[in-house]
Amino acid sequence: MLALQADLFGTPSHVAERPDDETVAIVRARLHATLALVKSATVMPWPDMLAIIREDNAFRFAKDVLPPAEGAALWAEFDVEMDRLYAIMNEGKEPDLGD
């Protein structure tokens, strides 16, 4: 909705603009580095849930800087690896059912 609403002060919106090639290259490199990190990890590579959530969100939103097919493919790989790491992290933990 925000992208459709005009700015009250007449400032042009930059929401639909694609980032420049340098920014795309930086984001691409960061996403590939993060993907390599989670693929090589035998345990969750971040120290706490807040850091895990922050990295997950950073990847989720940064993928949108890339061309859609490329971003979707990287996200699919990242998601599989994160599921694997969550399973390792939660291995042997019984859910607390509030008994």
Side-chain angles (χ1 to χ4, degrees):
M1 183 72 173
L2 291 176
L4 300 176
Q5 184 176 359
D7 187 314
L8 293 175
F9 302 103
T11 308
S13 172
H14 299 289
V15 173
E17 288 183 17
R18 296 296 301 161
D20 60 73
D21 290 344
E22 181 180 2
T23 301
V24 172
I26 291 167
V27 169
R28 181 179 287 120
R30 184 186 191 296
L31 293 179
H32 279 279
T34 303
L35 184 57
L37 174 67
V38 295
K39 281 185 168 188
S40 68
T42 56
V43 296
M44 191 63 78
W46 300 289
D48 56 53
M49 281 307 295
L50 185 58
I52 295 166
I53 292 167
R54 185 176 52 245
E55 290 295 330
D56 189 88
N57 284 338
F59 201 103
R60 179 184 313 264
F61 292 108
K63 73 172 175 38
D64 294 337
V65 171
L66 303 179
E70 181 183 3
L74 287 175
W75 174 253
E77 285 186 72
F78 180 79
D79 196 38
V80 166
E81 294 302 325
M82 289 300 287
D83 284 347
R84 178 183 65 82
L85 292 171
Y86 277 121
I88 292 168
M89 188 173 89
N90 293 319
E91 195 172 274
K93 293 183 181 176
E94 294 296 320
D96 182 13
L97 302 176
D99 292 331

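One-based numbering along the sequence shown.
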I26-L74 co-clustered via ILVMFWY side chain contacts under 4.5 Å: no
Nearest-0.5 Å distance, CZ of residue R18 to OG1 of residue T23: 11.0 Å
Min side-chain heavy-atom separation R28-L66 under 4.5 Å: yes
Close side-chain approach of L31 to L35, heavy-atom, < 4.5 Å: no
Sub-4.5 Å side-chain heavy-atom contact between M89 and M49: yes
Heavy-atom side-chain contact between M82 and I52 under 4.5 Å: yes
Where L85 and A41 come nearest, the two heavy atoms and their spacing: CD2-O, 3.8 Å
Heavy-atom pair with the smallest gap, counting every atom of V27 and A62: CG1-O, 3.4 Å
Pairs satisfying side chain to side chain donor-acceptor pair (under 3.5 Å), at least one member in residues 35-53, at least two apart: K39-E77
Test item: K63 and E70 side chains (from C-beta on) under 4.5 Å apart, heavy atoms: no
ring-ring contact (aromatic ring centres under 6.0 Å, His included): pairs with one or both residues in residues 54-76, sequence neighbours excluded: F59-F78, W75-F78
D20, CG: over 12 other non-hydrogen atoms inside 6.0 angstrom: yes
Smallest separation among heavy atoms of P45 and V38, with atom names: CG-CG1, 4.3 Å
